Amino acid sequence: MASDISKDEALERMRHSTAHVLAQAVTELFPGTKLGIGPAIENGFYYDFESEHKFTPEDLPVIEAKMKEIVKARHPFVRSEHDKGEAAKFFLDRGEKYKVELIGALPDEKMSYYENGGFIDLCRGPHVADTGRLKHFRLTRIAGAYWRGDEKRPMLQRVYGLAFNTKDELDAYLKQQEEAAKRDHRKIGKEMDLFSFHDDVGAGLVHWHPKGALMRVLIEDFWRSEHLKAGYDFLFTPHIGRAQLWETSGHLGFYKENMYSPMDIDGMDYYAKPMNCPFHIQVYKTHKRSYRELPLRWAELGTVYRYEKAGVLHGLMRVRGFTQDDAHIFCTPEQIEEEIVRTLKFNLHILRAFGFNDIAAYLATMPEGAVGEPARWAQATASLKKALEAENIPYSVDEGGGAFYGPKIDLKIKDAIAREWQLGTIQFDFNMSERFELSYVGSDGHEHRPYMVHRALLGSLERFYGILVEHYAGWFPLWLTPVQVKVLTLTEGQNAYGQEIRQKLVDAGIRAELDDRNEKIGLKIRETQLKKVPYMLILGANEAANGTVTVRVKSGKNIPDLKIEAVIAALLGEVKSRTAENAYS
RNA sequence: GCCGAGGUAGCUCAGCUGGUAGAGCAAUCGCUUCGUAAGCGAUAGGUCGUGGGUUCGAUUCCCAUCCUCGGCUCCA
């Protein structure tokens, strides 16, 4: 292989060539199939088809077998160039209307084809020398996909595949997928009895069970106490508001698709809130504000309702009713820089407290058709950039990618298996402040428009919780875990001692349960382990006689002859440190 | 919303082309008193997601609808 191309390019080339082989196999197996596009993607490739045949998962092994034949035949990839008109006619004659459309859209005068084993595709290339070089691939699934990603265009059938340079890499990827499946918060949520959804209630509406709710309370308690320390005040605001409010805010103009139909109250329309901002603004406007009281930092765990298309709902990650850890900051232009730095610092502090240390950011700047003065955009954007640099957070800039109402930074974290999740967001809002005509009186005695910053640190509690479950695979840090200690008695002879031990733990503020059933210790351990309780205290005749406990940790290791007071001290230390490291491990 | 696959006991699932359902685990009740991931037995539990239709008869076929899953589009 040529040595002047990078590894990444070679990998992409290989994947793209594999996509061609897929298309060759499909067109041979299902004559009449029309081709869409077939690019290389992360971890593999796909090809879009239009076919009379409805592809099913059973087809995949058949197609894959055909692909292997093609690989074995070592067809060379042969490039040729053609005039645009000629190319259009060529593909038109073959009925390849999608290719014809692509040709029309391409700026080049010359079109290139790649031919392998009689299969010809419009393609810029490059490709590997011959099909024999393609080895470690696997077809994974079939999905519908809009032609050119446009929901108004026809839906094609997409076949996805994986492709890697080596078998080890393919296996490693499959293993990673398996690991991800094991961590799926929907699965763990059921196993650990944390939350549920119900047909009778509706899609995307979460029910937190006792253990999940306890964890949410712990998260909220921490969140609140940190906010007090960080100089925030709290608000509580209603869940519904009159149409007039949403007219003023503009949501009925630009956000209506995401809002639920109004309910009629005394002949007036009320809408469930999709956002908290208009309510916070009402509080701001209850009296004339002076520069002396700014900045105002108002936080609320605000539950909002947004219509999400049925097909996009996904466990806790994408729901229809959720609670944002919202806050709005109102400040003067002089304060903005410091406020942004503070907010970013605070956000990082909170994320790290939950064990997310791999953090990066996206900075999105002014788009076309933005509202608000360019000078304000410039200042706001500069303050965001400055804060990111001050905190040394790696970030990429999405030029023109901001919302029409203001620039923003989105923070994304990497979880334990290196998947990225977007959590916090810090965004300016020039729209609301204009529409509601916010003002404060400056030291000059004149009215000025404050900067309004909207921020969420965790995003939504539901989504954050789902990510937390997957990050820790259910083995939460001790301060968050719903049951910290399970006391297991060996026989009923130790039940009184078990009660005593459990009571001591509970009195010390440790969440402990006692399993004093007449069951074998093996069963009790198994059940406790499956519920992902980090510490078990095993009490048999020996422990009872000596007044000690045996600690069993998840690895299966036992630490015998411990005094309960020493265990309590160690666990309280672990809780206090908020670490994910276990005191006994 | 669109394409595709599903919804059967609390959970995980089986049930070929129509003759009203089964397993394992869990639950309950006994027996067992036991040292590190499932002790033994018995019992109970389902209008087969929901509503229509076809049929002598529907979990099975048709239609509608709700919900779930994998994608597309969109997003906290």
Side-chain angles (χ1 to χ4, degrees), chain A residues 46 48 50 54-59 140-160 184 186-187 190-191 193 196-205 255 257-258 274-276 302 304 306-326 403 410-412 421-425 427 454-467 488-495 516-531 536 538-543 550-558 560:
Chain A
Y46 68 77
D48 286 346
E50 184 184 84
K54 294 269 174 249
F55 294 107
T56 67
E58 288 76 58
D59 293 326
T140 50
R141 57 173 158 255
I142 295 151
Y146 297 111
W147 169 237
R148 310 201 92 175
D150 184 344
E151 61 182 325
K152 300 203 171 50
R153 307 296 303 269
M155 182 157 275
L156 306 180
Q157 302 188 75
R158 176 172 296 177
V159 178
Y160 281 97
D184 192 314
R186 296 166 299 188
K187 178 171 171 283
K190 209 175 266 180
E191 289 166 356
D193 196 12
S196 60
F197 296 88
H198 300 277
D199 289 10
D200 287 345
V201 178
L205 300 170
Y255 206 71
E257 270 119 67
N258 289 287
M275 293 186 189
N276 303 300
V304 298
R306 297 183 186 173
Y307 173 73
E308 298 289 350
K309 291 179 178 178
V312 308
L313 300 174
H314 180 93
L316 293 176
M317 304 301 190
R318 194 80 182 272
V319 295
R320 284 179 170 165
F322 58 97
T323 302
Q324 293 182 305
D325 69 314
D326 210 354
D410 287 331
L411 294 181
K412 50 186 182 159
W421 301 95
Q422 200 224 297
L423 291 175
T425 183
Q427 43 191 70
H454 168 105
R455 53 110 274 210
L457 309 181
L458 308 176
S460 86
L461 290 176
E462 287 75 7
R463 191 177 135 84
F464 180 73
Y465 184 60
I467 293 166
L488 308 180
T489 55
L490 213 66
T491 72
E492 290 180 347
Q494 291 84 49
N495 284 2
D516 59 3
R517 293 173 304 164
N518 170 19
E519 295 288 354
K520 290 190 143 183
I521 195 69
L523 180 86
K524 294 185 181 185
I525 288 173
R526 176 180 157 79
E527 288 185 355
T528 308
Q529 186 93 5
L530 288 173
K531 292 289 179 195
M536 302 181 207
I538 314 261
L539 307 183
N542 295 338
E543 286 83 356
T550 293
V551 172
R552 185 189 195 279
V553 295
K554 76 172 180 181
S555 65
K557 193 172 136 190
N558 288 292

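Residue numbering restarts at 1 for every chain, and letters A, B, ... go by the order of the sequence lines. What you see is a predicted model; the values in this text were computed from it and never measured. Worth knowing before you read on, the calculation uses all heavy atoms, side chains too, and leaves out hydrogens, waters and symmetry mates.
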J.: In Watson-Crick or G-U wobble terms, both distances under 3.5 Å, what is the partner of rU28(B)?
T.: rA42(B)
J.: Is there a donor N/O on one and an acceptor N/O on the other, under 3.5 Å, for the side chain of E308(A) and the base of rA76(B)?
T.: yes
J.: Is the closest side-chain donor-acceptor distance between R148(A) and Y146(A) under 3.5 Å?
T.: no
J.: Need one value for Q422(A): base, sugar-phosphate or nothing, where a base atom within 4.0 Å counts as base even if backbone is also close, heavy atoms only.
T.: sugar-phosphate
J.: How is R318(A) classified with respect to the nucleic acid when contacts are heavy atoms under 4.0 Å: base, sugar-phosphate, or nothing?
T.: base
J.: Considering Watson-Crick and G-U wobble pairs with both distances under 3.5 Å, what does rG35(B) pair with?
T.: none
J.: Just to confirm, is there a sub-4.0 Å distance from OP1 or OP2 of rG71(B) to any side-chain nitrogen or oxygen of R141(A)?
T.: yes
J.: Watson-Crick or G-U wobble partner for rA14(B), using a 3.5 Å limit on both distances?
T.: none
J.: In whole angstroms, how far is the P atom of rC66(B) from the CG atom of L313(A)?
T.: 13 Å
J.: Return yes if a side-chain donor-acceptor contact under 3.5 Å exists between D516(A) and T489(A), otherwise no.
T.: no
J.: Taking atom P in both rC62(B) and rC25(B), compute the distance separating them and give it to the nearest angstrom.
T.: 36 Å
J.: From the options rG39(B), rC72(B), rA37(B), select the nucleotide whose nearest atom is closest to the side chain of K520(A).
T.: rG39(B)
J.: Going through the distances and angles, do V319(A) and L205(A) end up as a side chain to side chain contact (heavy atoms under 4.5 Å, CB included)?
T.: CA-CA 6 Å; V319(A) 295; L205(A) 300 170; over 6 Å; no
J.: Nearest whole Å is fine: how far is rG39(B) P from I521(A) CD1?
T.: 12 Å
J.: Reckon G149(A) touches a base, only the sugar-phosphate, or nothing at all at heavy-atom distances under 4.0 Å?
T.: sugar-phosphate
J.: Hey, does N258(A) reach any base, or is it just sugar-phosphate, or nothing, if we go heavy atoms under 4.0 Å?
T.: nothing
J.: Does a nitrogen or oxygen in the side chain of H198(A) sit under 4.0 Å from OP1 or OP2 of rU68(B)?
T.: no
J.: Does the structure show a Watson-Crick or G-U wobble partner for rC61(B), both distances under 3.5 Å? Name it, or say none.
T.: rG53(B)
J.: For rC72(B), does either OP1 or OP2 sit under 4.0 Å from a side-chain N or O belonging to Y160(A)?
T.: yes
J.: What heavy-atom pair brings K54(A) and D59(A) nearest, and what distance separates the two atoms?
T.: O-OD2, 3.8 Å
J.: If you measure only the distance, is there a donor-acceptor pair under 3.5 Å linking the side chains of T550(A) and N558(A)?
T.: no
J.: Let me know the distance between CG of L523(A) and C1' of rA26(B), rounded to the nearest Å.
T.: 11 Å
J.: Whole angstroms only, please: what is the CG-P distance between L530(A) and rA26(B)?
T.: 11 Å
J.: Between K152(A) (NZ) and rC2(B) (C1'), how many Å, whole number?
T.: 12 Å
J.: So which nucleotide does rU68(B) pair with, by the Watson-Crick or G-U wobble rule with both distances under 3.5 Å?
T.: rA5(B)
J.: Calculate, to the nearest 0.5 Å, the distance between atoms CD and CD1 belonging to E543(A) and I538(A) respectively.
T.: 8.0 Å
J.: When you compare rC29(B) with rC69(B), how far apart are their C1' atoms, in angstrom units rounded to a whole number?
T.: 39 Å
J.: Which base, if any, makes a Watson-Crick or G-U wobble pair with rC48(B), both distances under 3.5 Å?
T.: none
J.: If you go through the side-chain atoms of E543(A), does one of them form a donor-acceptor pair with the base of rG35(B) closer than 3.5 Å?
T.: yes
J.: Sticking with atom C1', work out how far rC31(B) lies from rG15(B), rounded to a whole angstrom.
T.: 35 Å
J.: Measure from NZ on K190(A) to P on rC11(B) and round the result to the nearest Å.
T.: 7 Å
J.: Pick the nucleotide of RNA chain B nearest each of D184(A) and L316(A); which residue has the one closer to the 5' end?
T.: D184(A)
J.: Using a strict threshold of under 4.0 Å (side-chain N to carboxylate O), is an ion pair present between E257(A) and R306(A)?
T.: no
J.: Taking atom CZ of R455(A) and atom CD of Q324(A), what is their separation to the nearest 0.5 Å?
T.: 10.5 Å
J.: What do you reckon, do F322(A) and the base of rA76(B) stack, with centroid distance below 5.5 Å and planes below 30°?
T.: yes
J.: For G459(A) and K309(A), find the nucleotide of RNA chain B closest to each by heavy atoms; which residue's nucleotide sits nearer the 5' end?
T.: K309(A)
J.: Is K524(A) reaching over with its side chain to a backbone N or O of L490(A), donor-acceptor style, under 3.5 angstrom?
T.: no
J.: Is the shortest side-chain N to carboxylate O distance from K152(A) to D150(A) below 4.0 Å?
T.: no
J.: Taking only the C1' atom of each, what is the distance from rG30(B) to rU68(B) in whole angstrom?
T.: 40 Å
J.: Answer with yes or no whether Y146(A) presents, from its side chain, a donor or acceptor under 3.5 Å of a partner atom in the base of rG71(B).
T.: no
J.: Report each atom pair, protein N/O against N/O of nucleotides 45-47 of chain B, whose distance is under 3.5 angstrom.
T.:
none

J.: Between Q494(A) and T491(A), is there a side-chain donor-acceptor contact under 3.5 Å, judged purely by atom types and distance?
T.: yes
J.: D48(A) has an atom CG; how far is it from atom C1' of rU73(B), in whole Å?
T.: 13 Å
J.: Starting at CD1 of I538(A) and ending at C1' of rU33(B), how long is that distance when rounded to a whole Å?
T.: 16 Å
J.: From C-beta outward on R526(A), which listed nucleotide comes closest to its side chain: rG35(B), rA38(B), rA76(B)?
T.: rA38(B)
J.: Between rG35(B), rU36(B), rC72(B), spot the one nearest the side chain of L490(A), thanks.
T.: rG35(B)
J.: Across all strands, who's sitting opposite rU73(B) as a Watson-Crick or G-U wobble pair, both distances under 3.5 Å?
T.: none
J.: Once side-chain hydrogen bond (donor to acceptor under 3.5 Å, both in side chains) is applied, do any residues pair with Q529(A), and if so which ones, sequence neighbours excluded?
T.: R552(A)
J.: Between rU43(B) and rG18(B), how far is it from one C1' atom to the other, in whole Å?
T.: 33 Å
J.: Set out, line by line, the N/O atom pairs under 3.5 Å between protein and nucleotides 3-8 of chain B.
T.:
| unit_1 | atom_1 | unit_2 | atom_2 | d |
| --- | --- | --- | --- | --- |
| rC3(B) | O2 | G144(A) | N | 3.3 |

J.: Quick one: closest heavy-atom pair of R517(A) and E527(A), and the distance?
T.: NH2-OE1, 2.8 Å
